[in-house]
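FYI, side chains are in, hydrogens and waters are out, and symmetry mates aren't considered; it's all heavy atoms of this structure. Chain naming here is simple, since letters A, B, ... match the order of the sequence lines and numbering starts at 1 in each.
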Number of protein chains: 2
Amino acid sequence: MFAALGDPTRLAIFDRLADGKPRSISVLSDDADMTRQAVTKHLRVLEAAGLVQNHRVGRESQYAFCPEQLAEARAYLDQVAGRWESALMRLKSFVEDGEA
Amino acid sequence: MFAALGDPTRLAIFDRLADGKPRSISVLSDDADMTRQAVTKHLRVLEAAGLVQNHRVGRESQYAFCPEQLAEARAYLDQVAGRWESALMRLKSFVEDGEA
DNA sequence: CGATTATGCAACTAAAAAGTTGCGTATTTG
DNA sequence: CAAATACGCAACTTTTTAGTTGCATAATCG
């Protein structure tokens, strides 16, 4: 997941889709300075990470923002931050009260 | 930043340091199944991303968790989630009230 | 139906990342 | 002081990732 967002191009695409509007591959390719195929690959990576969903309509394939994995990422960061904070607390009480 | 956490090895190191305890390179290398040099490189990447801090003490170089960038990542994810949510709201009111 | 548009697949190239090895240097420690 | 420890730098190999090109196919439009 982090790896998927780690590429600047993918992050840009993801960010763009965050307005909820689904977009076709060619639309997304238009203002990316690279080939449609390259964009396609990035979209597949985002899809594999669960950050984006795809469904074909007629001859075009629409990619849309997908919030679930995003929540998971936030949860992970919260958890890490939480662990760190509680470690700080333990350190603090150790210093204040003398060793436990 | 996402790129820094995108590598499984780095994520593991980062996760491990989240308990607040600084660790030296060799300690971190011990239970990683790769060379000390490889671990060193990963630590440098994490440091460049501001996720970890380094300071030399004696002959060893201690790496410690660094929470600031973490908060930034969370902020970004919140912002994206927020944009998506408000887009949903607009869609909802559009459907309910008829077009604006 | 013929042309255009939107895409997929596969093979390829190029560039970046991950990891190793060898060697040199500072710092402890017995 | 000599040996062991902890590290840094640089060159190198390997593996992945990013991106391109060429060609084929399905849907749409006049």
Side-chain angles (χ1 to χ4, degrees), chain A residues 1-66 69-70 73 76, chain B residues 1-66 69-70 73 76:
Chain A
M1 227 238 53
F2 287 131
L5 293 180
D7 181 85
T9 303
R10 278 195 295 267
L11 186 58
I13 293 176
F14 176 72
D15 199 84
R16 190 157 166 223
L17 288 174
D19 66 359
K21 293 185 202 162
R23 289 176 180 81
S24 71
I25 296 178
S26 39
V27 166
L28 289 168
S29 302
D30 282 341
D31 22 34
D33 52 347
M34 73 184 62
T35 319
R36 168 183 60 85
Q37 283 303 328
V39 173
T40 300
K41 283 195 185 177
H42 284 304
L43 286 169
R44 298 243 171 102
V45 173
L46 287 171
E47 188 181 17
L51 291 166
V52 128
Q53 263 177 335
N54 162 264
H55 80 121
R56 190 88 183 235
V57 40
R59 67 178 159 184
E60 53 189 41
S61 122
Q62 306 269 35
Y63 280 86
F65 186 83
C66 185
Q69 290 300 313
L70 188 64
Y76 173 72
Chain B
M1 226 238 51
F2 288 131
L5 292 180
D7 181 85
T9 303
R10 279 196 295 267
L11 187 58
I13 294 177
F14 176 72
D15 200 82
R16 190 158 167 220
L17 288 175
D19 66 0
K21 293 186 201 160
R23 290 176 179 82
S24 71
I25 296 178
S26 39
V27 166
L28 289 168
S29 302
D30 281 342
D31 22 34
D33 52 348
M34 73 184 64
T35 319
R36 167 183 61 86
Q37 283 304 326
V39 174
T40 301
K41 284 193 185 179
H42 284 304
L43 285 169
R44 298 242 170 102
V45 173
L46 286 172
E47 188 181 17
L51 291 166
V52 129
Q53 263 178 334
N54 162 264
H55 80 121
R56 189 88 183 233
V57 37
R59 68 179 158 182
E60 53 190 42
S61 125
Q62 306 268 38
Y63 280 85
F65 187 82
C66 186
Q69 291 300 314
L70 190 64
Y76 172 72

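For B:Q37 against D:dC9, a side-chain-to-base donor-acceptor contact under 3.5 Å is present. Judged by atom type and distance alone, B:R36 reaches the base of D:dG8 through a side-chain donor-acceptor pair under 3.5 Å. For C:dT5, its base sits under 3.5 Å from the side chain of A:R59 at one donor and acceptor pair at least.
Side chain of A:K41, nearest nucleotide from D:dT20, D:dA6, C:dG19: D:dT20. Checking C:dT20, D:dG8, C:dC9 against every side-chain atom of A:R44, the shortest atom distance belongs to C:dC9. In the set C:dG19, D:dG19, D:dG8, C:dG19 carries the atom at the smallest distance from any side-chain atom of B:T9. Of the candidate nucleotides D:dA18, D:dG8, C:dG19, D:dA18 has the atom lying nearest to any side-chain atom of A:D7. Residue B:S61 places its side chain closer to D:dC7 than to any other of D:dG19, D:dC7, C:dG8. In the set D:dG8, C:dT20, D:dG19, the nucleotide with an atom closest to the side chain of B:T35 is C:dT20.
Atoms CG (B:D33) and P (C:dG19) sit 9 Å apart, rounded to a whole Å. C:dA18 atom P lies 10 Å from atom CG of B:L46, rounded to whole Å. Straight-line distance from the CD atom of B:E47 to the P atom of D:dG8: 10 Å, rounded to whole Å. Put simply, CZ on B:R56 is 13 Å from C1' on D:dC9, counting in whole angstrom units. As rounded to whole Å, 10 Å separates atom C1' of D:dA27 from atom CD of A:E60. The CG-P distance, from B:L28 to D:dA6, rounds to 13 Å in whole Å.
Between A:S24 and the phosphate of C:dA6, there is no side-chain N or O to OP1/OP2 separation shorter than 4.0 Å. Listed pair B:R10 / C:dA18 meets the phosphate criterion, a side-chain N or O lying under 4.0 Å from OP1 or OP2. Within the structure, every side-chain polar atom (N or O) of B:T40 is placed at least 4.0 Å from both OP1 and OP2 of D:dC7. OP1 or OP2 of C:dG19 has at least one side-chain nitrogen or oxygen of B:H42 nearer than 4.0 Å.
Ion pairing between a basic and an acidic side chain is recognised when a charged N comes within 4.0 Å of a carboxylate O; A:R16 and A:D31 show such pairing.
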In sequence, state the C-alpha distance, the side-chain angles, and the governing distance for B:F14 and B:H42, and then conclude on side chain to side chain contact (heavy atoms under 4.5 Å, CB included). CA-CA 10 Å; B:F14 176 72; B:H42 284 304; over 6 Å; no
Assess whether side chain to side chain contact (heavy atoms under 4.5 Å, CB included) is satisfied between B:Y76 and A:L11, documenting all intermediate values. CA-CA 11 Å; B:Y76 172 72; A:L11 186 58; 3.5 Å; yes
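Both A:V45 and B:Q62 lie near DNA chain D, and the one whose nearest nucleotide falls closer to the 5' end is B:Q62.
Counting non-hydrogen atoms of neighbouring residues, nucleotides and ligands closer than 6.0 angstrom, the CD atom of A:Q69 exceeds 12 such neighbours.
Inter-residue side-chain proximity for A:L43 and A:N54 is flagged as unmet; no heavy-atom pair is nearer than 4.5 Å.
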